[in-house]
Every structure is written in C-alpha cells, then in structure tokens.
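Order of the sequence lines sets the chain letters (A, B, ...), proteins ahead of strands, with each chain counted from 1.
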Number of protein chains: 2
Amino acid sequence: MDNRFIQKLNGMALLGATEKAALEEVTANPTRFAARQDLIREGDPPGPVLVMLEGWACRYKVMPSGTRQIVAFLMPGDSCDLHTKLLTEMDHSIQTLTPALVARIPRSQIEKAMSEHRAIADAMYIAQLVDEGIMRAWIVSMGRRSSIERVAHLMCELYLRVRNIGLTHDHHFALPLSQQVLADALGMTPVHINRVLKELRLAGAMAIKRGSVAIMDPVKLVQIAGFDENYLHRRLRKAA
Amino acid sequence: MDNRFIQKLNGMALLGATEKAALEEVTANPTRFAARQDLIREGDPPGPVLVMLEGWACRYKVMPSGTRQIVAFLMPGDSCDLHTKLLTEMDHSIQTLTPALVARIPRSQIEKAMSEHRAIADAMYIAQLVDEGIMRAWIVSMGRRSSIERVAHLMCELYLRVRNIGLTHDHHFALPLSQQVLADALGMTPVHINRVLKELRLAGAMAIKRGSVAIMDPVKLVQIAGFDENYLHRRLRKAA
DNA sequence: CGTATTGTTGAAATGCATCAACCGCGGTGG
DNA sequence: CCACCGCGGTTGATGCATTTCAACAATACG
C-alpha cells in the first residue's frame, strides 16, 4: 500500500476493506503541484478538503514585516480543513515545500464517506485531535523550550510522524526542509538554527545532511528535547 | 440572556428558539468549582464535554522542570473537547483560574443535540475552528512577536472574545489573570510581564488594574500588537 | 493583625538576533 | 565543457531583549 492517507487513518481507527476502498475512491484524482506553490492563501474562501498523498507542505502566516511563521507541517497522509467550509475566509495560507501530489475532496464526498463509515469519521476526528495536540505542543515548545530543545523536539515529532506512515529506514528519514524553513517553523534565525544543528551533531544526537536526517542517539535526542510522545496519540503502541 | 454558551454559539450560526431551548436543557445542571482546581489532568481518560458558564479556566502543560505553559484560555461560553472521547488519554490539563460554573455534558447528549439541530452542529464546529485559529495565532505570537507585541496581541484577542459574550463595558473588561498567569501563557517571566505592562501603560495604550483591563487607546494597542482580527471569524461584523 | 501572595524595581548575566563575510554546490548559459 | 550566478549553508563579532537573581512594597486573606 502506498496511499499514506489510508495508512495513516488506519493507524487511528481500524479500517475494513470497504472503508479502504471508499478512501481509495475519494483520493482517486489527485493533482500535482510544484514546490513553493500556495495551495490556499489567507483570505481565500475555503475550498475542498486537501489530502497530501506525496510531498510536504506547511501552514503559515506572514507578518506585516514580511517574516513568516510556519504553524504546521503537512506530510504524506495528512489532511486539512475538515469543516472549514463553514468559515467565510481562511485565516492562514498553505504552501507546498516540495513537489506534491494532493487530492482535493469536495465537502459532500467527505461527508458521505464519514456518514456511511463510522470508522472513517472516527479516524478523521482522531486525526484532527492529534493535529490540535501537535499545535499545543508547538506552543509549549515556543514558550518554554530553549532553541536546542525546540529543534530536538521537532525532530522527535517528525520522526514519529514519518514512521507512522512507514517512511523511515532505521533511524533515518527524508526531511526536505531547508534551514530557512526550519527557522520559520521554530521562530528562530536561520543562522541560529545552523549553530544548533551543529551542536546536536557534535553531541552525537542527530545529523541533518542533504535533505535527510540521521538519528544517531535516540535516547539522547529525546532527553535533550524533553520529549513525551503522548500527544501524538498513536495507536501504534499496539502495532509496534 | 445570561447563558454565555448560547450567546456565543448564536454568534457562530443563527439559532432558533428550539435550538436555544435544547442548549438550555443540555447545560441545565452545572457544577461549581473553586479557583485553581484541575477539571481534567493530563493522562486522564477523556470525560464529558465541558462548557464554561461562569468564570475562567486554562489548558496547560507542565514541563519536566516544573514550569508550565498555558496553551489556551477558556472564558464563559467556551466549550472543549468535542470528540476527545475518541482518544485514550488527555495530552494536557485544564484548570480553573477563578471560581467557575461548568456544565459537563455526556457525549451522547451532545451528539443528539448536534444531529437533531444542524445549526448547533455548525456552531460547535465553527467554535472549534476558531479555537484552532486562536492556537495558530498564539504560535505566531510566540514565534515572531516581541514581548510587548505579544502582550498587546493577547489583550486585543481577549477584548474581542469578551465582547462577543457581552461582558465588556466601553473599553473596559474584567480580566481575572495574575501577572504570573499571563507569564505562563505568553512564555515570559512574571517580572518581564510587569515591565511590559508598565510600558503599555506609559504609552497610553492600556492599563491593567486589580483584575480588570482598561483599553485607553484601541488604535494604538492594535498597532503595537500588529493585530488582525480575521482569525476570530466573528459573524459580529454583521451584528455589530 | 500577621502572613502569604502578587506586584514592582534594580543590577547582572545570557541566549539569541543581527550584521557581515565566505564557502560549496547545482544549474544555466556562453 | 567551463565560467558564472545564486541559493543554502557555515562561521565570527557585536548588540540587545529577556532572564535571572534579589530585595522590597502593596495587597489580599485567614
């Protein structure tokens, strides 16, 4: 299976064959996007539900000064904006970070799938609750963690999320994020991100190289981050 | 009307008399809590939906070091944890900041009200989307705003939220938050909060005194904060 | 009325931003 | 095929916002 959306939802609530087929159908006609392209812009009227099938994207807001703050990363399997059609305009933008394959599902279709299959509805709601937990964890990071702790914490989170969709190899995974993007996400400067990454590398915890991350010492990384995975609510504890 | 929950939801989606009655019924047997009492603790199994009818509370997480980060304020009319029953454990705690009156609604009752009244379901989902928007705005504040901008931004947000439930008087409203609590919410030190509040007072923008805030110069405050209210998605534009 | 809590102020320390320069690499065009 | 350009990454020196530590004042509270 390489539909990460189905794989992810199946980790949230057990899906049967008919449910998987329904999700397969609903994501059948995805669109390709280049990197650095806005899928949704702040102020737009809300559109269909978006599902990332391949590639990464981010939610972000730009400040009057022109700097931007990334408020969430979207990786394969992630969806967004379940009920946003209820709003009159978007309060943030979404942009691809890599070339991406994304399905755009009309509200009616999603509602149909959710009402016909309880497990799909449950999985979608759980996914949303996890997303909220991730946002809360980001707030905690920004408010109370030093820069090195913040970077380490984000890497722990991303590692587990990538692992949930089966895209890790040992303690190694593809991370197509430039230091500039990391800085935008963590509320720091690119140069300071660079220094912190160096520190983590020298500490033997992890190393980023050419778009991929190697976790050299998971225990040390978790320790530096003060990481507690509870907020990701992975049923994987069973599965793993 | 003094049921702030109904008042708030009515600002999200127009409610008819029967819908208001249904909400009235569902919040009919609230419980009283003292200040500084945990309503929910991290690690607990999720319980009923909580609705604040009177008083303030906050969502928070405590760090290993013992410091805490507040990730959201709950004021009268706010509810929480619509679908949390789907999770196995809470990833954060909720604590009263003042004496409070809170209704605890079983999942079955909420689901019944939402399925029988489309407007209630819509309003609840809009409320949740607004809460998510607020979280994103907090992330932006923590990541990209200076301390004085952060404080000003939070005050703008709280002013509008309090106004939505009809509890402002002119440019003045009750804010039962100590500087310690503000510090926990904004990721700063109490002493620095204190200095920033002084600065805002001397600038003639706003002044906090004994549990209440006076907005002296709204334009200046908004300007300092770089505040854009779009993320609160208030239908009040029509109503106001 | 004393005691705990909250607010206020000062001085010193520090973590991160800022400014500035340079390097390495991939891509493009001559 | 090579020279150039531009972007992402790396490093150093300096400045400043915020923390930290410490003491004290004001207010709420039993």
Side-chain angles (χ1 to χ4, degrees), chain A residues 34-36 56 63 65-70 97-99 141-154 174-203 206-214 224, chain B residues 34-37 56 63 65-70 95-99 141-154 174-203 206-214 224 226:
Chain A
R36 288 166 188 277
W56 288 52
M63 308 290 294
S65 69
T67 66
R68 77 170 176 177
Q69 174 67 41
I70 290 175
L97 294 167
T98 68
S141 268
M142 311 281 276
R144 292 293 173 215
R145 275 189 255 264
S146 71
S147 58
I148 190 171
E149 293 167 342
R150 271 213 296 278
V151 173
H153 196 274
L154 179 64
L175 186 79
L177 308 178
S178 69
Q179 295 183 1
Q180 174 65 252
V181 167
L182 290 174
D184 285 347
L186 293 168
M188 328 173 18
T189 338
V191 329
H192 198 236
I193 285 275
N194 184 283
R195 294 190 227 270
V196 167
L197 288 177
K198 183 181 180 184
E199 199 177 338
L200 285 168
R201 195 184 331 125
L202 294 181
M206 53 158 284
I208 290 190
K209 195 177 67 180
R210 265 198 303 248
S212 73
V213 180
I224 292 174
Chain B
R36 288 167 186 279
Q37 216 163 324
W56 287 54
M63 307 291 293
S65 69
T67 64
R68 76 170 177 178
Q69 175 67 42
I70 290 175
Q95 182 173 88
T96 55
L97 294 167
T98 68
S141 268
M142 311 280 277
R144 292 293 174 214
R145 274 188 256 264
S146 71
S147 58
I148 190 172
E149 293 166 343
R150 268 209 304 275
V151 173
H153 196 274
L154 178 63
L175 187 81
L177 309 179
S178 69
Q179 295 183 1
Q180 173 66 254
V181 167
L182 289 174
D184 285 348
L186 293 168
M188 333 175 13
T189 332
V191 330
H192 198 237
I193 284 275
N194 185 283
R195 294 190 229 270
V196 167
L197 288 177
K198 182 180 181 184
E199 198 177 336
L200 285 168
R201 195 185 330 126
L202 294 181
M206 53 157 284
I208 289 191
K209 197 176 65 180
R210 264 199 299 250
S212 73
V213 180
I224 292 173

Visitor: What is the distance, rounded to the nearest whole Å, between atom CE of B/Met188 and atom P of D/dT20?
Guide: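 Value for this atom pair: 12 Å.
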Visitor: Of the nucleotides D/dT11, C/dT8, C/dG10, which has the atom closest to the B/Arg201 side chain?
Guide: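 In terms of side-chain proximity for B/Arg201, the closest of D/dT11, C/dT8, C/dG10 is C/dT8.
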Visitor: Does A/Gly187 reach a base, just sugar-phosphate, or nothing at all? Heavy atoms under 4.0 Å.
Guide: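 Counting heavy atoms under 4.0 Å across all strands, the contact made by A/Gly187 is with sugar-phosphate only.
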Visitor: At under 4.0 Å between heavy atoms, what does B/Arg36 touch on the DNA or RNA strands: base, sugar-phosphate, or nothing?
Guide: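 The residue B/Arg36 makes sugar-phosphate contact but no base contact.
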Visitor: Treating B/Thr98 as the side-chain partner and B/Trp56 as the backbone partner, does any N or O pair qualify as donor plus acceptor under 3.5 Å?
Guide: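 Yes.
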Visitor: Does the side chain of B/Val196 come within less than 4.5 Å of B/Leu186's, by heavy atoms?
Guide: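 Sidechains of B/Val196 and B/Leu186: no contact.
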Visitor: Do B/Arg68 and B/Val181 come close enough that some side-chain heavy atom pair is under 4.5 Å?
Guide: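 Of all side-chain heavy-atom pairs linking B/Val181 with B/Arg68, at least one is under 4.5 Å.
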Visitor: Look at B/Ser147 and D/dT18 and indicate whether a side-chain polar atom (N or O) is within less than 4.0 Å of OP1 or OP2.
Guide: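 B/Ser147 to D/dT18 OP1/OP2: side-chain N or O found under 4.0 Å.
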Visitor: At what angle, to 10 degrees, do the two end axes of the helix from C/dC1-D/dG30 to C/dG30-D/dC1 meet, given five pairs define each axis?
Guide: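 About 40°, once rounded to a multiple of 10°.
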Visitor: Using a heavy-atom cut-off of 4.0 Å across all strands, would you classify A/Thr189 as base, sugar-phosphate, or nothing?
Guide: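 If one applies the 4.0 Å heavy-atom cut-off, A/Thr189 turns out to touch a base.
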Visitor: Think B/Gln179 has a side-chain N or O under 4.0 angstrom from the OP1 or OP2 of C/dT5?
Guide: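 It does not, given that no N or O in the side chain of B/Gln179 lies less than 4.0 Å from OP1 or OP2 of C/dT5.
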Visitor: Select from A/Arg150 and B/Leu197 the residue whose nearest nucleotide in DNA chain C is closer to the 5' end of that strand.
Guide: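 Closer to the 5' end of DNA chain C: B/Leu197.
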Visitor: Which whole-number value in Å describes the distance from B/Asn194 CG to D/dC24 P?
Guide: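 Checked: the CG to P distance equals 18 Å.
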Visitor: Would you kindly check whether a donor in the side chain of B/Arg195 faces an acceptor in the base of C/dG10, or vice versa, at under 3.5 angstrom?
Guide: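 Present.
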Visitor: If you only use heavy atoms from C-beta on, which nucleotide in C/dG7, C/dA17, D/dC21 is closest to the side chain of B/Ser178?
Guide: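 So the nucleotide nearest the side chain must be C/dG7.
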Visitor: Looking only at the side chain of A/Val191 (C-beta and beyond, no hydrogens), which of the listed nucleotides D/dT20, C/dC16, D/dT11 gets closest?
Guide: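 For A/Val191, the side-chain atoms sit closest to D/dT11.
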Visitor: Pick the nucleotide of DNA chain D nearest each of A/Pro190 and A/Arg144; which residue has the one closer to the 5' end?
Guide: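 Residue closer to the 5' terminus by nearest nucleotide: A/Pro190.
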Visitor: Short question: side chain of A/Gln69, backbone of A/Asp184 - any donor-acceptor pair under 3.5 Å?
Guide: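 It does hold such a pair.
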Visitor: Locate the shortest heavy-atom distance separating A/Arg144 from A/Glu149; write the atom from each residue and the value.
Guide: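 That closest heavy-atom pairing would be O-OE1, 4.2 Å.
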Visitor: Between B/Leu197 and B/Val151, does a side chain to side chain contact (heavy atoms under 4.5 Å, CB included) hold up when you go through it step by step?
Guide: CA-CA 8 Å; B/Leu197 288 177; B/Val151 173; 4.0 Å; yes
Visitor: Determine whether a donor-acceptor pair (N or O, by modelled atom type, separation under 3.5 Å) exists between the side chain of B/Arg150 and the backbone of B/Arg145.
Guide: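 Yes; judged by distance alone, with no hydrogens or angles, the pair exists.
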Visitor: Considering only C/dC19, C/dG10, D/dA28, which nucleotide approaches the side chain of B/Arg210 most closely?
Guide: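 Ranking C/dC19, C/dG10, D/dA28 by closest atom to the B/Arg210 side chain puts D/dA28 first.
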